[in-house]
Protein chains: 2
Amino acid sequence: MYVDLGNALGTRPGLDRDTLDRLDERVADAHGTIAAGREAEEHGYAALNLPETTDADAIRSAVSRFENPAAVLTVGIGGSALGAATVANALDSEVDAYFLDNVDPEWVTRKLDALPLDRTVVNVVSRSGTTAETLSNFLVVRDAMESAGVDWTDRTFVTTGEEGNLRELANKHDLPALDVPDGVPGRFSALSTVGLACAAIQGHDLDALLQGGADAMDSLSGSLYDSPGYAYGAVSYALARRGAGVNAMMPYAESLETFAEWFAQLWAESLGKDGVGQTPARALGATDQHSQLQLYRAGPNDKLVTLVRPREYEDRAIPETDLDGLSYLGGKSLGELLDAEFEATEASLKAAAVPNVRIELERVDERNLGELLYAMEAATVLYGELDNVSTFTQPAVEWGKKAARGLLGGGDFEEADAVQDKETLVVE
Amino acid sequence: MYVDLGNALGTRPGLDRDTLDRLDERVADAHGTIAAGREAEEHGYAALNLPETTDADAIRSAVSRFENPAAVLTVGIGGSALGAATVANALDSEVDAYFLDNVDPEWVTRKLDALPLDRTVVNVVSRSGTTAETLSNFLVVRDAMESAGVDWTDRTFVTTGEEGNLRELANKHDLPALDVPDGVPGRFSALSTVGLACAAIQGHDLDALLQGGADAMDSLSGSLYDSPGYAYGAVSYALARRGAGVNAMMPYAESLETFAEWFAQLWAESLGKDGVGQTPARALGATDQHSQLQLYRAGPNDKLVTLVRPREYEDRAIPETDLDGLSYLGGKSLGELLDAEFEATEASLKAAAVPNVRIELERVDERNLGELLYAMEAATVLYGELDNVSTFTQPAVEWGKKAARGLLGGGDFEEADAVQDKETLVVE
């Protein structure tokens, strides 16, 4: 992986090289903390050991009973879906991947109607076995399979903790069951059973995904200049502290659109606490040049723009044309156009003093994707250390969970009472 | 449409009712400017007349020659695609809608391979007829049709300005041609030929879409308390001025996911200039409760969260279950769960003093969608007036266009030279 920080220097908000060198001393300390946490397999830090601790054979073995599926349906939400979705949407496969990561009833119905249920493998993912959205969707899916005359116990497996509903269900019905690894928060679980079971069914190379992660892991050292992941995390932190409160993650590849969503969860949920945190904005090049670029260039000086692209891809020629003023495109390719726009956008941001970072992968394949995911996790952990936040927790979401549960009659919660007391000022 | 500002008051950054009343005096002035601009059909303001000026019959007539298509492919980018995509993704149709709004070569190839080219209608949308991405994609599509033995002149129409490449092409090959309306920037063109041709082919009710827009148009008056669109624009502006630099647009309906993208363009490109503007963040309920909510609640006090939902939808029951701790879900529905989460999230933001606005539609249909789109456009125009920006221009994107063109050999531009001079600081 290739990270170029050149356009993060000399901007507003901006850094200079001396600042980065001073920051590098703190990176050394933070790396010591991270290394010690990994060594002790502490909560969260353990995620950075996944390239070594994930057992690809166990994953392949668990799903081996499902022969020639047409589709794999992951029922999960947040970190229980986004890692798998990132891999699925980045890489081609003859097995279609679907995700039920929302409880919109019309949408759930449409998804189920589109699925060949008798040729679909269902993966239910919830560490606790009590996640309301996931378990509700599972009940709906199971019911739909029964209605369609499909034996759900033949086509379902679970990815869950050592105890709980899904573990009991697996034991009772002899379903394959994968263990959610200890000490790994959902948003850091892409390179574990949670993210890789779907990939295994799709026929992707789990070893290469893990090898990519291992390569990024091996680069971690006491200096940001040695590790692309640390470099990205340190610069993002420094820019955020200087006013870049928004990080626009803008891949120039449709295959990486879900990666930007995955990143947004990782970044927001890990770093957004105690009144700090950098807000991720999901963007897509070149499309969002015609949507967000005006704001990024000319709006408030509060942006870091992260530009990501693969260096190699299957290109497609633009036919020659006699259309007026377009002869310069004929004989070029869509890839050349996209690359020119990438570099033009990068330079245009720099010309407007908007900090930006370039990240390049060799190509979008298993190894490079594994490296990218790991590097971004390392970036997040380093940023959290530098900003002194509790990277691996998400306490602020509990309030709403209790309120929703109370509203549905699942117990007495004062949070649910607060919902009832809402004040209104209506215009209609 | 129903807008509830109750949770925008008494928050950090926050407003009180007196502030809103004082702001309402400025809304009266701004409305005067807007009304005068509409009356004179000035650039930009003319967009707010579209419910009256769009000729639905002309659109239906132009596409009437295409009988029983399986799919409609819109080739356009930014405002030439997002309005049509918003309608297409909100409403069910038996005619599939596809969009080529990016030049990623692998993705373009995959889209074309998936399309039944002999049963697809192609709509090429570019006011100037020179948009590099759109015209390149059109050349690729035309070539693919020829290779597949499909007469592209039988299956193509254009939506363009009075002159230029596409107009000439239409004249030469007798293609149906729709006029891009004068004075309507692309991002405000959803309720014109630009947004509605695709909808016509999909069999949607254009009259109802325009009627919804007309209803929102009729609500515009000199007070924010009379118009849902103005209410939303005024409150967003006031909160942005008090520190809410980010506007998280979070529909609780998968069908409105593209609406959030459309809004993001409208908001960013119209208001992001002169160092001001509120950054749109695209989110989706309930999914992003497991991704962005931690940041929204506990991160920096710089967010407005806009929660959107339909009141009516096709619900789906959650089957009864004996799974441990989940009996409270049995007998409920996915819709009840989603609604409980909506209200819980709203209250949880308020409890953390994060301002939020609730927008409700009766249901997601043509009329309500037309009203929503118009109201958001009115909100944008009002916000622009209050913030004294040039709402209808996008000057900051020109630099990059010139640079890209220069890089591709389309002329001498100093911007292209700046690209070559990039400084690097590489970590790999």
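Order of the sequence lines sets the chain letters (A, B, ...), proteins ahead of strands, with each chain counted from 1. These figures come from a predicted structure and were not determined experimentally.
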Would the distance check show the side chain of [X] and the main-chain N or O of [Y] forming a donor-acceptor pair, the cut-off being under 3.5 Å?
X: B:D324; Y: A:N165; value: no
X: B:Q294; Y: A:K273; value: no
X: A:R297; Y: B:A396; value: yes

May I ask you to test the [X]-[Y] pair for a side-chain heavy-atom distance under 4.5 Å?
X: B:S255; Y: A:W107; result: no
X: B:V3; Y: A:V426; result: no
X: A:I77; Y: B:Q289; result: no
X: A:D104; Y: B:L334; result: no
X: A:R110; Y: B:E254; result: no

*Please look at A:L284 and chain B and tell me whether the side chain, the backbone, both or neither of the residue comes under 4.5 angstrom of a heavy atom of that chain.*
side chain
*Where is the tightest heavy-atom contact between A:A298 and B:G272, given as atom of each residue plus distance?*
CB-O, 3.9 Å
_Among B:V103, B:L135, B:L139, B:N137, side-chain contact (heavy atoms from CB on, under 4.5 Å) partner for A:I318_ = B:L139
*Any salt bridge between B:R282 and A:D288, counting N to O under 4.0 Å?*
yes
*Listed partners of B:S333 passing side chain to side chain contact (heavy atoms under 4.5 Å, CB included), at least two apart*: B:D315, B:E336
